[in-house]
*Asks:* 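My questions will all concern the structure given below.
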Amino acid sequence: MGKDVIIACDFADGRTCLEFLDKFTEEKPFVKIGMELFYAEGPNIVREIKARGHRIFLDLKLHDIPNTVKKSMAVLSGLGADIVNLHAAGTKAMMEAALEGLTRPDGTRPLLIAVTQLTSTSEERMRSELLINAPLDETVLHYARNAKAAGLDGVVCSPLESGKVHEACGEGFLTVTPGIRFADGDKGDQVRVTTPADAKAIGSDYIVVGRPITAAADPVAAYRRCVAEFVG
Ligand code: C5P
């Protein structure tokens, strides 16, 4: 898979999501389904969007004991997701178990990527609440190396970190990056943002874009603008 734009479909229900996707008559964007939509609609929303021809990043961020994650990943793999994720904090044993669970009887499997540190976690909270004394960026790279060692395909990170992740884990290790805004756009609640063009320059493999597309007056035009800037 090459560079691509993934639309974060953060909708409260399936009907709104499908009405949004109906606007795309000429292209089949890569879609991210997160916890809100998945918990509201259940696994059928994944099957339904997949059946419409979209590729799917199922963003459920699993974190549990290895056996539970392995069995849950087998279920997600059966839904036809193209990318799934988990928390690298669950340890290498959990990540390896996840890969085993994801592998289908025919040997294929979705790509598996890891969340390192959530961007909502500050260095100060990491230290005071989680008792992690290393600097935040070191933790991110350490977790990325763990994910690579466990055999994962990449990480979710800020575009600003994708260059360093590639240096540490190789160019083939995927960086999937949210926090994208157009140069003339509204930042919303995102703090550190990057334009699609800058994300491309720094080396992101996939950008995850939500509100700049879903809340645009013309979502199809906004999606095309993202693709033009990021994929070229
Ligand atoms: O609307 P917006 O473009 O900010 O959406 C970004 C998407 O990426 C949301 O689904 C958000 O939950 C997700 N995300 C993020 N930052 C992270 C991890 C995930 O914005 N560190």
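Indexing begins at 1, ligand by ligand and atom by atom, following the structure's order.
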*Asks:* If two hydrophobic side chains count as joined below 4.5 Å and joins carry through other members, does Y39 share a cluster with L62?
*Replies:*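 The answer is yes; both residues are in one hydrophobic cluster.
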
*Asks:* Would you mind running through ligand 1 and noting each atom that sits below 4.0 Å from a heavy atom of R211?
*Replies:*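 Counting atoms of ligand 1 from 1, those under 4.0 Å from R211 are 1 (O), 2 (P), 3 (O), 4 (O).
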
*Asks:* For atom 6 (C) of ligand 1, grab the closest protein heavy atom and report residue, atom and distance to one decimal in Å.
*Replies:*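 Ranked first by proximity to atom 6 (C) of ligand 1 is Q190 NE2, 3.8 Å.
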
*Asks:* Angle class for the Y223/F24 ring planes (parallel below 30°, perpendicular above 60°, tilted otherwise)?
*Replies:*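 Rings of Y223 and F24: perpendicular, over 60°.
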
*Asks:* Starting from atom 9 (C) of ligand 1, which protein heavy atom do you reach first, and at what distance in Å?
*Replies:*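 Closest protein heavy atom to atom 9 (C) of ligand 1: D10 OD2, 3.3 Å.
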
*Asks:* Any salt bridge linking R225 with D218? Criterion: basic side-chain nitrogen under 4.0 Å from a carboxylate oxygen.
*Replies:*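 No, this pair does not count.
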
*Asks:* How are the rings of F30 and Y206 set to each other: parallel, tilted or perpendicular (split at 30° and 60°)?
*Replies:*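 Answer is perpendicular, since the angle exceeds 60°.
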
*Asks:* Would D189 count as being in polar contact with ligand 1, using the rule that some N or O on each side must be under 3.5 angstrom apart?
*Replies:*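 Among all N and O atoms of D189, none is under 3.5 Å from an N or O of ligand 1.
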
*Asks:* For atom 2 (P) of ligand 1, state which one of R181, K61, E36, M35 supplies the nearest heavy atom.
*Replies:*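 Nearest heavy atom to atom 2 (P) of ligand 1 lies in R181.
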
*Asks:* So does K71 have more than 12 non-hydrogen atoms from other groups sitting under 6.0 Å from NZ?
*Replies:*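 For K71, atom NZ is not crowded (no more than 12 foreign heavy atoms under 6.0 Å).
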
*Asks:* Verify, without hydrogens or angle tests, whether H166 (side chain) and F173 (backbone) share a donor-acceptor contact under 3.5 angstrom.
*Replies:*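 Yes, because the side chain of H166 sits within donor-acceptor range (under 3.5 Å) of the backbone of F173.
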
*Asks:* Is it true that L118 lies under 4.0 Å from ligand 1, counting heavy atoms only?
*Replies:*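 The answer is no, since L118 has no heavy atom less than 4.0 Å from ligand 1.
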
*Asks:* Looking only at protein heavy atoms, identify the closest one to atom 19 (C) of ligand 1 and say how far it is in Å.
*Replies:*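 Heavy-atom neighbour on the protein nearest atom 19 (C) of ligand 1: P178 CG, 3.8 Å.
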
*Asks:* For ligand 1, does P212 get within less than 4.0 Å through its side chain, its backbone, both, or neither, judged by non-hydrogen atoms?
*Replies:*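 It is the side chain that gets close, since no backbone atom is under 4.0 Å.
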
*Asks:* I need the nearest protein heavy-atom contact for atom 12 (O) of ligand 1: residue, atom name and distance, please.
*Replies:*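 Its nearest protein heavy-atom neighbour is K32 NZ, 4.3 Å.
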
*Asks:* Under 4.5 Å between side-chain heavy atoms, hopping through other hydrophobics if needed: is there a path connecting M94 to L102?
*Replies:*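 Yes, it is one cluster - the side chains of M94 and L102 are joined through contacts under 4.5 Å.
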
*Asks:* What atoms in ligand 1 come closer than 4.0 Å to a heavy atom of G210?
*Replies:*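 It comes down to these atoms of ligand 1: 1 (O), 2 (P), 3 (O), 5 (O).
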
*Asks:* Going by the atom numbers of ligand 1, which of them fall below 4.0 Å from some non-hydrogen atom of T119?
*Replies:*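 Selected atoms, number and element: 16 (N), 17 (C), 21 (N).
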
*Asks:* Which heavy atom of the protein is the closest neighbour of atom 7 (C) of ligand 1, given with residue, atom name and distance?
*Replies:*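 Checking every protein heavy atom, the shortest distance to atom 7 (C) of ligand 1 gives A8 CB, 3.9 Å.
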
*Asks:* Would a hydrophobic clustering, with Ile, Leu, Val, Met, Phe, Trp and Tyr connected at side-chain separations under 4.5 Å, put V156 with L136?
*Replies:*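 Shared cluster, no.
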
